[in-house]
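Scroll down for the structure; my scribbles are underneath it.
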Protein chains: 2
Amino acid sequence: MIKLYYAAHTCALASHIALEEAAAEYATVRISFANEEQRKPEYLAINPKGRVPAMVTEKGILTETPAMLAFIAQSFPQARLAPLDDPFLFAEVQAFNSYLCSTVHVAHAHRMRGHRWVDDPAAITAMQRKVPESVGACFDLIERKMLRGPWVMGDNYTICDPYLFTIAQWMEGDGIDPSRFPKVRDHRNRMSERATVRKAIAEELA
Amino acid sequence: MIKLYYAAHTCALASHIALEEAAAEYATVRISFANEEQRKPEYLAINPKGRVPAMVTEKGILTETPAMLAFIAQSFPQARLAPLDDPFLFAEVQAFNSYLCSTVHVAHAHRMRGHRWVDDPAAITAMQRKVPESVGACFDLIERKMLRGPWVMGDNYTICDPYLFTIAQWMEGDGIDPSRFPKVRDHRNRMSERATVRKAIAEELA
């Protein structure tokens, strides 16, 4: 059985929702960032990066949201969470998720995790100041060029959808008014109504 | 025929090498960052992100190195550039590439592209100061926990190898002494000897 290590309010929610969508048998393990559990030897033995998510499978441990989402899609093909039979369409899915991971999430991380890239407190504050602009530019691109609707890839729900939903939940915290991006906002609302999404969120906040 | 848009000394080299390894029919188009060609309307029509690489295929345009590398591996299965038949092993490949993309490359980018995340010149300088430490921590993890040897995934050469090679070329520029990481250094040397790698680099520097 798959075991998902997560912390509340993190990108781990994307994989959690995907496991629900796949009707996978899985269990979750909550890691408390407040108690710095992600830096304790027990967790570092699972994920030496000291981050979430991590997923223990019967074959070994996986990290990195885009890789975990693709693994879930490929391991549960009957759930049709990605266009697995067409390398180009699959690459489009992966490109979207890679953008979320390496550009959108990274821009967001400059608000709470600036210490990764700078020591000077004044520079951390300067980073935080630019987050509404840098994250806003990402959502502008997603709104104009990437989100096809009703789902990210168009008519078919894919592993892009829980990932976009997860990151789009952070907009207000990043100082962005969701009404600037009606397609992203509507997608978020559409996702919020899914039973799988409600179940994953309820469990994480329980 | 595939057309790869690249700029010299960027992560586009990874896809360029992979196309060589796949014996794909392809052409390259050089984008000059010095002339800011990546921000001109002609290029933004291809990649609205204004970055490289971008790859025009007969089915459409792809961006994002991890997605492009997986596409190359899946489109040219005879080249055996990824364990395509095993979702777990494929996910391990993807997790490694995702780490390079979203953590290692991002840490590196704080030296030359700090303006993405901050406006204040003093903060940009403060960011640059931490790059040897933040990028060094990434290579330390790769050295200790991720690079199996002789190739990233062990005995089989995969799409992880050109990507690690590409980013490891930036170490000295990031203020890191490669002798601290002998496995990464040896991997870089091993890659440098491949005819495919020499051909791709020669073309980009011609």
Side-chain angles (χ1 to χ4, degrees), chain A residues 48-49 51 55 57-75 77 86-99 101-103 105-107 109-110 114-120 122-131 133-134 137 141 144-146, chain B residues 48-49 51 55 57-75 77 86-99 101-103 105-107 109-110 114-120 122-131 133-134 137 141 144-146:
Chain A
K49 297 171 192 167
R51 299 201 188 166
M55 193 160 75
T57 79
E58 60 185 19
K59 291 203 174 182
I61 296 169
L62 292 175
T63 57
E64 303 287 335
T65 295
M68 290 166 55
L69 290 173
F71 174 78
I72 294 166
Q74 290 189 323
S75 299
D86 184 318
F88 179 79
L89 296 180
F90 183 62
E92 285 194 314
V93 164
Q94 298 229 89
F96 187 86
N97 284 353
S98 185
Y99 181 69
C101 183
S102 63
T103 301
H105 190 160
V106 166
H110 283 74
H115 56 84
R116 288 179 184 166
W117 305 290
V118 85
D119 294 316
D120 177 25
I124 294 212
T125 307
M127 280 176 169
Q128 291 168 335
R129 242 185 339 256
K130 199 176 167 88
V131 166
E133 178 191 332
S134 59
L141 191 71
R144 286 186 299 107
K145 300 282 188 184
M146 297 170 81
Chain B
K49 297 171 192 166
R51 299 202 189 166
M55 193 160 75
T57 78
E58 60 187 16
K59 291 202 174 183
I61 296 169
L62 292 175
T63 57
E64 303 287 334
T65 294
M68 289 167 55
L69 290 173
F71 174 77
I72 293 166
Q74 290 189 322
S75 299
D86 185 317
F88 179 79
L89 297 179
F90 184 62
E92 285 193 316
V93 164
Q94 298 229 90
F96 187 86
N97 284 352
S98 185
Y99 181 69
C101 183
S102 62
T103 301
H105 191 159
V106 165
H110 283 74
H115 56 84
R116 288 179 184 165
W117 304 290
V118 85
D119 294 318
D120 177 23
I124 294 215
T125 307
M127 279 176 169
Q128 291 167 337
R129 238 182 346 250
K130 199 177 169 87
V131 166
E133 176 191 334
S134 59
L141 191 71
R144 286 187 298 108
K145 300 283 188 183
M146 298 169 81

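Hydrogens, waters and symmetry mates play no part in the numbers below; they use all other heavy atoms, side chains included. Numbers restart at 1 for each chain; the letters A, B, ... are given by sequence-line order, proteins then strands.
Between B:P66 and A:P66, the closest side-chain pair of non-hydrogen atoms is not below 4.5 Å.
For B:F88, the parts lying near chain A are the backbone and the side chain together; criterion is any non-hydrogen pair under 4.5 Å. In this structure, the portions of A:A95 lying under 4.5 Å from any heavy atom of chain B include both its backbone and its side chain. Neither the backbone nor the side chain of B:T125 has a heavy atom closer than 4.5 Å to any heavy atom of chain A. Using a 4.5 Å cut-off between heavy atoms, A:M68 does not touch chain B at all. Only the backbone of B:I61 has a heavy atom closer than 4.5 Å to any heavy atom of chain A. Only the side chain of A:E133 comes within less than 4.5 Å of a heavy atom of chain B; its backbone N, CA, C and O stay farther away. For A:S98, the parts lying under 4.5 angstrom from a heavy atom of chain B are both the backbone and the side chain. Interface residue B:D120: only side-chain heavy atoms are found under 4.5 Å from chain A.
Counting all heavy atoms, side chain and backbone alike, A:A123 lies closest to B:V118 at O-CG2, 4.4 Å. Closest approach of A:W117 to B:K130, counting heavy atoms only: C-CD, 3.3 Å. The nearest pair of heavy atoms linking A:F71 to B:P87 is CD1-O, 3.5 Å.
By the 4.0 Å N-to-carboxylate-O rule, B:D86 lies close enough to A:K59 to be salt-bridged with it.
In this structure, the separation between OG1 on B:T65 and CD on A:Q94 is 12.5 Å, given to the nearest 0.5 Å. The CD1 atom of B:I124 lies 9.5 Å from the CE atom of A:M127; values are rounded to the nearest 0.5 Å. Atom CD of B:E92 is separated from atom OG1 of A:T63 by 9.5 Å, given to the nearest 0.5 angstrom.
A parallel orientation is assigned to the rings of A:H110 and B:H110, their planes being inclined by less than 30° (bins at 30° and 60°).
Applying the salt bridge (Lys or Arg N to Asp or Glu O under 4.0 Å) definition to pairs two or more places apart or across chains, those involving residues 60-70 of chain A are A:K49-A:E64.
Interface remark: of the candidates A:A126, A:S134, A:A137, A:A126 forms the most heavy-atom pairs closer than 4.5 Å to chain B.
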